[in-house]
Amino acid sequence: MFNKAILPPPGTSSLQRQKLRAAFWFLAPMLIVLFCVAAWPLLRSIYFSFTNTSLTNLYGGEWIGFKNYLTWKTLSSGHTIYSGTLADPAWWNAVWNTVKFALVSVSLETIFGLMVALVLNAEFKGRGLVRAAILIPWAIPTIVSAKIWAWMFNDQFGIINNMLLSIGLIDHKMAWTANLDTAMLSVIIVDIWKTTPFMALLCLAGLQMIPRDMYESAKIDGIHPIKVFFQVTLPLVKPALMVAVIFRTLDALRMFDLVYVLTPNSNATKTMSILSRENLIDFDKFAYGSAQSTLLFAIIALFVVLYIWLGKIDLSGDKS
Amino acid sequence: MTRKMLLKKTAFYAVVVVIVLISVFPFYYAILTSLKTGTDLFKVNYFPSSFNFSNYIDILHNGEFIRSTLNSVFIASTTVACALLLAVTASYALARVRFRGRGLLLMSILAISMFPQIAVLAGLFELIRFIGIYNTPWAMILSYTIFTLPFTVWVLTTFMRDLPVEIEEAAIVDGATPWTIITQIFMPLLWPALVTTGLLAFIGAWNEFLFALTFTASESMRTVPVAIAMLSGSSQYETPWGLIMAASVLVTVPLVVLVLIFQRKIVSGLTAGGVKG
């Protein structure tokens, strides 16, 4: 038996071996490239976060341990001064902004996406046209949509103010993107506009996998449509929906370009990515910015692990 | 009963109209703005009032903008070509050959595509400076591989898994090597999938902003998104909205047309990348 394991029948063995060898050579270039552009830079970034490297002198950094993250000094008066990212209010402001943005935008996008998908799943004249129309926001580059909405939100000449004034919802022109109270709202509105199509298409794919006769039999039994939605549609579309939600959440947690263009330098919308890049490149606090980007990576990694872990429990629960 | 149905139908179509209006209106308004100049810009209209193409003429005479467009075309197509080249063979191995650790490898490839880009920014910056490609298109081509390659591998793997085994078995019986199987048998079948993934990767590379912003220094090396974000008027306090909208429309129309032509394929590509995961 031992022999058999090492030397399977000659024909299949050489074929199998040839296939495995080919697979190795087919995979090698991709793996090398991915190592160079993903794994190595990630490791270097993490390494930088433990040094005092500066942008102008990339190789002059020295190991300083966790000082970029958290360090404290006790003064002779007995006062303890904390410094480092974890003691930096700007960092926690960015964390809070990012979390708020991700939570609100992803949940609203899920609701709207599901609604649009339900509409597109119905049969009606001009469905192809509607589907083409909702693809437009998705096709527009983020930077371009940020600029278009910045113009629409313009405080003096924007069409949003014009619309809201004419229907009487507001009584004076508002500076949507500059005002600290509404900056986050405008970012969320643009993000919802831009990514609901993606959500809707993924939901639609899930909806179309539900057999039509399920609805037919529910209709014959005279079950109320709303009850059908919550008891039949939602549970069946949930797996597809969850995948879409995780993709969107990961995307929202690393949000950069929309905020950078729509509300530059606003403390109300500064996300973790924005703050980290600011330190890395603009403020010449290269190592400090690396520490922040490493923290963001850790948060996202934790989120993914948590999701996979929870997802497994859910899956086994479904099966039982 | 009929009245109730009519009411229902009207309500449904009202929802449809709202969805279409919200989706299309901002782009429509961008086109509207791009056709206005001077003080016309500061009057809000819902319908075209003038057809003044001077913004388009201005932007097409702007050498830097043309340069940025060419940069973007070169960067996006090279990135996509490299990604597809590496991904076709890799996804054949991932979809068709059983080996230990395949699942783990697929999971790590998916994980890389979910990386926050900022997490590799410092390391990539060092790498790009080290190779000496800072402020050249190659910096973007190298860095965009981080999201185009995992994406194309993932989608092509799901496509290849669905191809019937019989074709491959017949080829093996005829003595075909894996390389011939890929180039002679799978490639012709894969064309639709290659076009879809290529297009999606192209859009991703065309729209990327963070790397393009960080790895370029001079105006002539900018890509389109960076150029649009940085477009400024004659004075610091004056934003040339007409010009920005004309540039936005110019770089978006090709994308929108492509997406509308390939919409069915794109939807299937997106769902292969998403739902089947």
Side-chain angles (χ1 to χ4, degrees), chain A residues 19-20 22-23 26-27 29-30 33-34 37-38 40-45 48 58 116 119 130-137 139-144 147-149 151-152 157 159 162 201-202 205-206 240 243-244 247 250 254 256-257 261 273 276-277 280-281 286 290 293-294 296-297 300 304, chain B residues 15-16 19-20 23-24 26-27 29-30 33 42 44 86-87 89-90 92-93 97 99 111-112 114-124 126-127 129 142-143 145-146 149 153 172 178 206-207 209-210 214 225 228-229 241 244-245 248 251-252 255-256 259-260 263 267 270-271 274-275 277:
Chain A
K19 233 182 153 179
L20 278 177
F26 285 164
L27 282 171
M30 178 203 68
V33 169
L34 279 186
V37 297
W40 175 251
L42 177 69
L43 292 176
R44 286 298 287 177
S45 300
F48 282 137
L58 284 175
V116 174
V119 168
V130 178
R131 187 159 67 175
I134 66 157
L135 271 171
I136 289 178
I140 296 178
T142 312
I143 297 303
V144 170
K147 279 287 181 195
I148 295 177
W149 280 88
W151 170 234
M152 287 172 48
F157 318 111
I159 195 165
N162 185 284
L201 290 177
L202 289 188
V243 173
F247 269 77
L250 292 176
R254 61 189 179 190
F256 179 81
D257 33 12
V261 172
S273 285
S276 170
R277 187 189 177 277
L280 270 167
I281 308 291
F286 195 71
S290 299
S293 76
T294 304
L296 173 60
F297 175 75
I300 288 187
V304 171
Chain B
V15 173
V16 169
I19 292 174
V20 172
S23 312
V24 177
F27 191 53
Y29 193 63
T33 308
F42 308 125
V44 176
L86 289 168
T89 50
Y92 169 79
V97 183
F99 57 88
I112 291 176
M114 292 178 180
F115 255 33
Q117 287 177 11
I118 191 86
V120 291
L121 195 72
L124 263 181
E126 185 207 13
L127 182 70
R129 273 286 168 88
L142 182 80
S143 53
T145 311
I146 195 173
L149 187 55
V153 168
I172 293 174
W206 183 268
N207 295 352
F209 184 65
L210 174 58
T214 310
I228 289 182
W241 287 110
I244 291 176
M245 290 304 136
S248 302
V251 302
T252 311
L255 286 190
V256 171
V259 165
L260 293 185
Q263 58 164 308
V267 172
L270 275 182
T271 46
V275 172

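Here is the naming used below: chain letters follow the sequence lines, and residue numbers restart at 1 for every chain. Not measured: the values here are computed from a predicted model.
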At their closest point, which heavy atom of A:Ala38 faces which heavy atom of B:Val120, and how far apart are they? O-CG1, 3.7 Å

Checked B:Val20, B:Leu124, B:Val16 vs chain A; the most non-hydrogen pairs under 4.5 Å come from B:Leu124

Tell me which of these, B:Ile146, B:Ile172, B:Thr145, has more heavy-atom pairs under 4.5 Å with chain A than the rest. B:Ile146

Looking at A:Ala133, A:Pro141, A:Ala139, A:Ser293, which makes the most heavy-atom pairs under 4.5 Å with chain B? A:Pro141

How far does OG1 of B:Thr33 sit from CH2 of A:Trp151, to the nearest 0.5 angstrom? 6.0 Å

Who pairs with B:Leu86 by side chain to side chain contact (heavy atoms under 4.5 Å, CB included), at least two apart in sequence or on another chain? A:Pro29, A:Val33, B:Leu149

Should A:Arg44 and B:Leu127 count as side-chain neighbours, where that means a heavy-atom distance under 4.5 Å? no

Against chain A, label B:Leu210 side chain, backbone, both or neither, depending on which of its atoms sit under 4.5 Å from a heavy atom there. both

So for A:Val119, is it side chain, backbone, both, or neither that comes closer than 4.5 Å to the heavy atoms of chain B? both

Can you tell me how far the CG atom of B:Asn207 sits from the CD1 atom of A:Ile143, to the nearest 0.5 Å? 8.5 Å

Among B:Glu126, B:Gln263, B:Arg129, the residue with the most heavy-atom pairs under 4.5 Å to chain A is B:Glu126

Please classify the contact between A:Ser273 and chain B as side chain, backbone, both or neither, with a heavy-atom cut-off of under 4.5 Å. both

Donor-acceptor contact present, side-chain B:Ser248 to main-chain A:Val144, <3.5 Å: no

A side-chain contact here means heavy atoms from C-beta on lying under 4.5 Å apart; do A:Thr142 and B:Phe209 qualify? no

Here the gap from B:Leu121 atom CG to A:Phe286 atom CZ, rounded to the nearest 0.5 Å, amounts to 7.5 Å

Against chain B, label A:Leu280 side chain, backbone, both or neither, depending on which of its atoms sit under 4.5 Å from a heavy atom there. side chain

Residue, of B:Leu260, B:Ile19, B:Leu255, B:Val256, that accumulates the most heavy atom pairs under 4.5 Å with chain A: B:Ile19

Mutual orientation of the aromatic rings belonging to A:Phe26 and B:Tyr92 [parallel < 30°, tilted 30-60°, perpendicular > 60°]: perpendicular

Heavy-atom pair of closest approach, residues B:Ala90 and A:Met30: CB-SD, 3.6 Å

B:Ile112 portion near chain A, given a 4.5 angstrom heavy-atom threshold: side chain

Looking only at A:Leu43, A:Val261, A:Ile140, the option with the highest number of non-hydrogen pairs under 4.5 Å against chain B is A:Ile140

Considering only heavy atoms, which portion of A:Ile281 lies under 4.5 Å from any heavy atom of chain B: side chain, backbone, both, or neither? side chain

Derivation and outcome, side chain to side chain contact (heavy atoms under 4.5 Å, CB included), residues A:Arg277 and B:Thr214: CA-CA 9 Å; A:Arg277 187 189 177 277; B:Thr214 310; 3.0 Å; yes

Given side chain to side chain contact (heavy atoms under 4.5 Å, CB included), test A:Met152 with B:Tyr29 step by step and report yes or no. CA-CA 8 Å; A:Met152 287 172 48; B:Tyr29 193 63; 3.6 Å; yes

I'd like to check B:Gln117 versus A:Arg254 (side-chain heavy atoms, cut-off strictly below 4.5 Å). Are they in contact? no

Quick one: list whatever passes side chain to side chain contact (heavy atoms under 4.5 Å, CB included) with A:Ala244, sequence neighbours left out. A:Met199, A:Leu202

Using non-hydrogen atoms only, which part of A:Leu42 is less than 4.5 Å away from chain B: side chain, backbone, both, or neither? both

Top residue by heavy-atom pair count (under 4.5 Å) with chain B, among A:Val304, A:Leu20, A:Leu27, A:Ile136? A:Leu27

Does B:Gly123 offer a backbone N or O that forms a donor-acceptor pair with the side chain of A:Ser45 under 3.5 Å? yes

Would you mind checking which part of A:Ile300 comes under 4.5 Å of any heavy atom in chain B, side chain (CB onward), backbone (N, CA, C, O), both or neither? side chain

What's the shortest heavy-atom distance between B:Ile228 and A:Lys147, and which atoms? O-CE, 3.5 Å

Which one wins on heavy-atom pair count under 4.5 Å against chain A: B:Ala93, B:Ala111, B:Pro116? B:Pro116

Taking side chain as everything from C-beta outward and backbone as N, CA, C, O, which of these in A:Ile134 sits under 4.5 Å from a heavy atom of chain B? Side chain, backbone, both or neither. both

